[in-house]
Amino acid sequence: MFSRPHRNRNIVDYKRLSEGPSLIFTKKRTTSENTVRWSTRKFYRLDVIDAKTDISGEKFVKVHYIGWNSKYDEWRRSDEILTVPPEHLYADANEHFISQLKVKIKENLSGTKKKDPLVRIEIPVQKEVFTLFSEISEPIQNAKQEQFRLRKFSDFNSLLGLHWHYRILNTVGDFCYILQDSVKFWIYEKEPLVDFTPSKSCTLMHRGFVFVFQFLFTCGTQHDLQQFLSIYAISGVPHAPYTHTQYIPVNNLELYQLASAKDDPLGEIALASVIGTLLEGYNIGLQMVNLAILVKTVSFKVKYMLSMYAKAKSAGGQQVKSLMEKWSRSSYQMKISCDCNANKHCKRKHKSELQKKKQKIKNLERELSSVNAENQNLRLSVERVTRQLAGKWGKRGRARQKRTYSQVHKRRQKRERALKVKDMLMFLNNEGLQPLTLTVYDPSLGSTVDITLHSEEVVDTTTYNCDVDHGVYVKDKFNISDRAYHELTQTYSTLPSSYVVKRRLSELNKQFNIQVITKGKYTAVYQSITERIVFYLNNMSDASLKEVSKDGKVCIKLSADGTKMGKHIHVVNFVFCIIGEESCSGEGGSHLVSIAKIPEKYSVIKETLKPLIEEVQNLKTVIVKGKSVDIVLFLGGDLKFLNIVMGIDACSCKFSCLWCKCPSTDRWDTDKEWSMIDAKKGARSVSEIEQMSNLKQRTAKFNCSFPPLFMSIPVHRVVPDTLHLFIRIADQLVNHLVCELRLADNLPKSLSSFSVTQYSNISKFQEFIHQMGINDWYFYVDKGTKQICTRDFTGVEHLKIFQNIDIEDMIPHHPKRKCIKEIWSEFLSLIVELKGFPVHCNDADIQRFQVRAKQWQNKFNEVYMTKHVTPYMHILTSHVPESLQLYGNLENYCQQGLEKLNERVTSWFFRASDHTGLSALTQVMLKQNRLDLLKAKCERELRFDIKCSTCKAVGHNKRTCLNSNRSGKEE
């Protein structure tokens with residue numbers, strides 16, 4: 001109300017305002033030592049202390065600012081004083097309270113799905129103000145305290161305005177609204193403040209009253225707004241998919257007939273069956289209502305009807321007939337409610353139990369601390385005695401003669417001597433020396449003894465049947481340790497010795513030039529990308545090289561992805577793929593260039609991997625088999641990595657699309673066209689991003705924060721990844737479904753304890769996930785945030801869910817369940833069609849795909865809000881069709897091989913390295929290079945023998961069998 005500089009005091013003295021006009025002053029900025037900086041746009045209350053007139057006749061007044069020290073009193077011109085009547089500030093406390101309540105209601109009507117749908121607003125209020133609301137409301141019966149219910153929204157229009165119960169969130173038409181049956185409010189008095197005096201007497205100070213306003217809210221889209229407004233204009237009650245409470249008319253005669261037909265009319269099972277029969281006519285299932293409370297309420301009604309029938313029957317005559325006719329003409333208003341308040345009556349009981357358990361834990365902790373103290377004292381005393389004995393006898397006690405040693409001690413010494421001999425023999429074997437005999441001295445015999453170890457027929461290592469390179473390849477591929485391989489060589493003499501294999505490993509490692517980069521606390525290992533490209537192209541066959549290098553150009557895709565090695569080590573793997581190679585989209589087609597132990601940040605990547613960035617910038621041509629080959633570079637990855645490399649801000653920003661300047665508020669609009677090539681349709685370019693990143697005005701930068709790291713790669717050669725496209729959009733659809741299930745169960749945002757079995761809808765969804773074989777997915781409560789969380793699904797798990805889920809069965813009472821089912825099925829068909837495009841796509845097929853994608857987007861907009869449209873959905877409708885026109889099938893640019901490589905690198909780090917910083921990263925890089933070098937020579941091809949079912953021959957099947965074709969022609 002009256003803001004003061006550098007103070008958080010907004011107290012309004014309504015009593016003083018009501019006495020008369022207040023003097024309000026606008027203070028200018030001053031820089032004096034005795035004053036503070038005052039805001040020129042705020043008013044401050046003051047009192048006039050003195051007045052004077054100077055020589056020129058101008059009037060001045062001395063003012064004191066209320067609530068401030070007197071040292072700030074000063075003389076100001078009288079024309080700077082503003083006299084404002086109280087009615088222009090707040091007429092009274094009622095108006096101030098009503099304005100606060102209206103603002104609080106609008107603030108809580110937000111469109112986020114993660115927000116708890118149950119809203120509780122508490123505002124301090126005078127008791128006289130509460131009567132304004134209670135007089136126009138309906139009291140709630142059987143409540144523990146005096147509570148009131150809203151009859152209809154129009155009752156509060158005179159107090160809160162016409163549109164207080166809903167809020168339109170944006171210009172598109174997304175809105176949130178209150179469910180009318182859920183509105184209730186009450187008032188309670190704060191506990192009085194106890195104030196003691198020096199005479200030990202106390203006084204109770206009244207702390208006022210608090211107004212509580214509680215309601216449930218839900219959301220709607222632009223397509224529901226007109227229907228909502230029309231319904232509200234006619235009846236004043238908007239439609240809601242899940243109501244909090246409602247009344248259903250039930251014919252009294254029908255209720256009596258259903259109850260009397262049961263063996264035990266007042267039993268819980270019988271009443272539940274009667275209620276289920278009555279609710280079937282309104283398409284309401286028993287899982288949607290609070291059955292325990294409803295059974296209790298209906299039991300009183302049935303008991304009363306049975307007693308009335310017994311009285312009529314005992315009276316005789318026409319009493320029974322008249323009673324039945326009366327019941328057939330009347331109805332009973334059965335109140336049903338959702339399950340959100342089913343356990344509220346147990347709240348006090350649970351709180352007391354919780355307090356008892358907390359007290360019990362404190363007692364146990366106190367006892368545990370005392371026991372630990374006693375143990376500490378005992379340990380110190382034992383150490384003291386031990387030191388005394390050690391000073392007297394030695395560390396191991398009194399020395400004993402060897403003949404008095406126990407048998408256990410003798411066996412232990414014998415095992416230690418045997419291990420020493422074994423280690424000596426192993427050392428000789430590793431050095432290429434094979435001992436034949438061992439000569440030892442036996443004191444009991446007084447002479448030497450010769451022990452034969454091997455026969456004199458020494459196996460020549462040059463005659464081994466198995467090649468050394470094959471041993472190296474198998475040892476690296478299956479992560480066989482040195483000790484395990486040595487044991488195999490001791491068993492199978494035809495294997496190369498472990499010494500020969502280690503020597504070959506060191507020879508191979510010398511062929512690779514791996515550089516170590518250290519920038520402060522960030523480290524990386526890196527090898528020349530040009531050398532690796534030349535190596536892979538030279539190892540290709542002529543046919544494969546001809547297929548890859550069309551028109552003398554080879555397409556190379558660079559990509560990177562971050563992964564975690566354990567809990568504390570985060571690395572970024574940089575790879576390249578040769579487009580057109582047989583395994584370019586698989587694990588074998590992703591060739592490792594660098595492993596960097598860095599976070600995914602622009603500045604860190606730029607400084608740490610500077611040699612790689614400079615080499616890519618200068619990579620134009622390479623020499624392959626004596627011929628010059630041009631290199632065409634592409635860039636791939638998930639949106640997080642691509643935005644970092646291209647210098648664009650995160651995906652949560654307004655202009656987060658790296659291909660065009662589409663704002664986040666227009667992603668939903670399929671009528672607007674966006675392009676990655678045409679600048680008139682908002683396309684970006686590398687030079688434009690660099691120029692905008694140097695601008696000082698943030699609004700003109702379009703979220704371009706840094707120049708791109710790879711300036712030689714144009715924007716249209718940054719290809720969208722189909723794998724992340726499917727996973728991220730599928731994540732959104734699953735999250736929306738889970739939010740609908742939580743809303744149906746009235747599951748709050750955060751809980752201290754949680755059991756899935758208490759909520760039928762999410763329990764049903766979790767059981768479905770487990771039926772799909774995904775047993776490690778479940779709902780749980782995070783210990784830190786106390787929020788209900790789940791893990792994300794993988795691509796294979798998403799595919800299982802989309803192929804087997806029944807949306808109508810998951811949300812049977814949702815008004816848009818059929819539309820949601822179409823969204824899921826249509827998205828799956830779009831992904832299947834996207835993966836099935838040929839290398840050279842037809843323009844008509846691409847146009848048809850784009851039309852289907854936009855239709856899917858419009859259908860998504862009918863169900864969900866526009867702000868729920870993600871960047872990947874915008875890419876699907878706007879940029880994927882253009883990429884298909886430019887490059888054909890996008891499966892060659894998929895990131896699936898890199899995801900597999902991340903898992904393989906993590907496995908090698910734990911199973912084939914020493915886990916020590918740069919040394920471990922270098923070992924992983926060397927292992928990858930050795931496998932790539934020996935793969936063509938040592939990998940064994942899997943052979944699948946095909947047997948024909950017609951002629952029983954091997955090498956073809958029934959469809960390609962010549963005998964079957966010949967018999968078909970004869971027929």
Side-chain angles (χ1 to χ4, degrees), residues 559 561 563 583-590 636-640 719-741 762 764-779 790-811 817-838 849 852-853 855-857 859-860 863-864 868-877 880-881 883-884 889-904:
S559 57
D561 192 19
T563 184
S583 60
C584 65
S585 61
E587 182 182 2
S590 298
D638 57 355
L639 282 186
K640 180 182 178 181
V719 186
D721 177 31
T722 55
L723 175 65
H724 285 89
L725 184 76
F726 169 66
I727 292 177
R728 297 295 174 256
I729 298 179
D731 283 338
Q732 287 295 320
L733 295 179
V734 171
N735 289 338
H736 285 306
L737 177 61
V738 172
C739 288
E740 296 293 346
L741 297 175
I762 62 172
K764 185 177 182 180
F765 182 74
Q766 181 171 298
E767 290 177 2
F768 164 75
I769 297 299
H770 292 170
Q771 290 174 3
M772 295 295 100
I774 313 172
N775 296 320
D776 59 340
W777 190 95
Y778 50 86
F779 292 95
T790 59
R791 72 164 180 84
D792 293 333
F793 292 106
T794 62
V796 178
E797 293 171 349
H798 271 307
L799 192 60
K800 285 183 180 179
I801 294 171
F802 273 74
Q803 290 175 347
N804 297 281
I805 193 169
D806 186 0
I807 297 295
E808 294 186 356
D809 183 54
M810 284 291 169
I811 45 176
R817 58 186 179 277
K818 293 184 179 179
C819 192
I820 296 176
K821 181 180 180 180
E822 293 177 1
I823 291 172
W824 281 58
S825 59
E826 184 65 20
F827 173 68
L828 182 60
S829 64
L830 281 173
I831 295 299
V832 172
E833 183 179 356
L834 179 61
K835 293 185 177 181
F837 271 100
F849 176 82
R852 287 187 59 195
Q855 290 176 353
W856 177 84
Q857 181 66 70
K859 194 170 294 182
F860 182 89
V863 180
Y864 304 108
H868 295 146
V869 179
T870 61
Y872 278 103
M873 296 180 187
H874 164 69
I875 294 170
L876 178 64
T877 57
V880 168
S883 300
L884 291 172
N889 192 345
L890 301 181
E891 283 300 301
N892 290 333
Y893 304 89
C894 182
Q895 295 295 111
Q896 188 170 1
L898 179 55
E899 297 293 337
K900 291 289 184 181
L901 181 67
N902 289 338
E903 299 177 3
R904 185 171 60 181

Chemist: Nearest 0.5 Å, please: how far is CD in E903 from CG in L898?
Modeler: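 Here the rounded value is 10.5 Å.
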Chemist: Just how far is it from atom CZ of R817 to atom CD1 of I820, taken to the nearest 0.5 Å?
Modeler: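 The distance works out to 10.0 Å.
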Chemist: Could you check if a side-chain atom of H874 sits within less than 4.5 angstrom of a side-chain atom of V869, using non-hydrogen atoms only?
Modeler: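 SC-SC contact between H874 and V869 ruled out.
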Chemist: State the CD-CG distance between Q803 and L828, to the nearest 0.5 angstrom.
Modeler: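 Taking CD in Q803 and CG in L828, the distance rounds to 6.0 Å.
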Chemist: What is the distance from atom NZ of K835 to atom CG of L830, rounded to the nearest 0.5 Å?
Modeler: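 If we round to the nearest 0.5 Å, K835:NZ and L830:CG are 13.0 Å apart.
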Chemist: Go through L834 and L884 one step at a time and tell me if the side-chain contact (heavy atoms from CB on, under 4.5 Å) criterion holds.
Modeler: CA-CA 9 Å; L834 179 61; L884 291 172; 4.0 Å; yes
Chemist: Please give me the minimum heavy-atom distance between G637 and S559, naming the atom from each residue.
Modeler: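 Between these two residues, the closest heavy atoms are N-CB, 4.5 Å.
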Chemist: Can you name the closest pair of heavy atoms from H868 and Q732 and give their distance?
Modeler: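 It is O-OE1, 4.4 Å.
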Chemist: Does the side chain of Y872 come within less than 4.5 Å of F726's, by heavy atoms?
Modeler: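 No, side chains not in contact.
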Chemist: Are the ring centres of F849 and F837 closer than 6.0 Å?
Modeler: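 Yes: the rings meet the under 6.0 Å criterion.
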Chemist: What is the minimum heavy-atom distance between P720 and I875, and which atoms define it?
Modeler: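 Distance-wise, the nearest heavy atoms are CB-CG2, 3.9 Å.
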Chemist: Using the side-chain contact (heavy atoms from CB on, under 4.5 Å) rule, take F779 and I769 through it: C-alpha gap first, then chi angles, then the decisive distance, then the call.
Modeler: CA-CA 11 Å; F779 292 95; I769 297 299; over 6 Å; no
Chemist: According to the salt bridge (Lys or Arg N to Asp or Glu O under 4.0 Å) rule, which pairs have a member within residues 764-779, sequence neighbours left out?
Modeler: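 Found K764-D809, D776-R791.
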Chemist: Which residue is it: L723, I727, I729, D721? I am looking for the one with a side chain to side chain contact (heavy atoms under 4.5 Å, CB included) to L725.
Modeler: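 So, applying the side chain to side chain contact (heavy atoms under 4.5 Å, CB included) to L725 and each of L723, I727, I729, D721, only I729 qualifies.
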Chemist: What's the separation between atom CZ in F802 and atom CD1 in I831, rounded to the nearest 0.5 Å?
Modeler: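 The CD1 atom of I831 is 9.0 Å from CZ of F802, to the nearest 0.5 Å.
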Chemist: Applying side chain to side chain donor-acceptor pair (under 3.5 Å) as the test, list every pair that has at least one member in residues 820-834; sequence neighbours left out.
Modeler: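 Pairs touching residues 820-834 that pass the test: E822-K859, E826-R852, S829-R852, E833-R848, E833-R852.
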Chemist: Assert yes or no for the condition that the ring centre distance of W777 to F768 is strictly below 6.0 Å.
Modeler: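 No.
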Chemist: Counting C-beta onward and ignoring hydrogens, is there a side-chain heavy-atom pair between H736 and F860 closer than 4.5 Å?
Modeler: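 They are in side-chain contact.
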Chemist: Measuring only between side-chain heavy atoms, which start at C-beta, is M772 closer than 4.5 Å to E797?
Modeler: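 Side chain of M772 against side chain of E797, heavy atoms only: no contact under 4.5 Å found.
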Chemist: Distance from I823 atom CD1 to I807 atom CD1, nearest 0.5 Å?
Modeler: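 Separation between the atoms: 9.5 Å.
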Chemist: Write down the atom of H798, the atom of A730, and the distance for their closest heavy-atom approach.
Modeler: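 Heavy atoms only, the tightest pair is ND1-CB, 3.5 Å.
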Chemist: Do you know the tightest heavy-atom contact between G897 and S590?
Modeler: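 Distance-wise, the nearest heavy atoms are C-OG, 3.4 Å.
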Chemist: Taking the side chain as every heavy atom from C-beta outward, state whether V738 and T790 have any pair of such atoms under 4.5 Å apart.
Modeler: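 Not touching, per the 4.5 Å side-chain cut-off.
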Chemist: Please examine the side chains of K640 and H724, heavy atoms only from C-beta on, and report whether any two atoms are closer than 4.5 Å.
Modeler: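 They are not in contact (no side-chain heavy atoms under 4.5 Å apart), so the answer is no.
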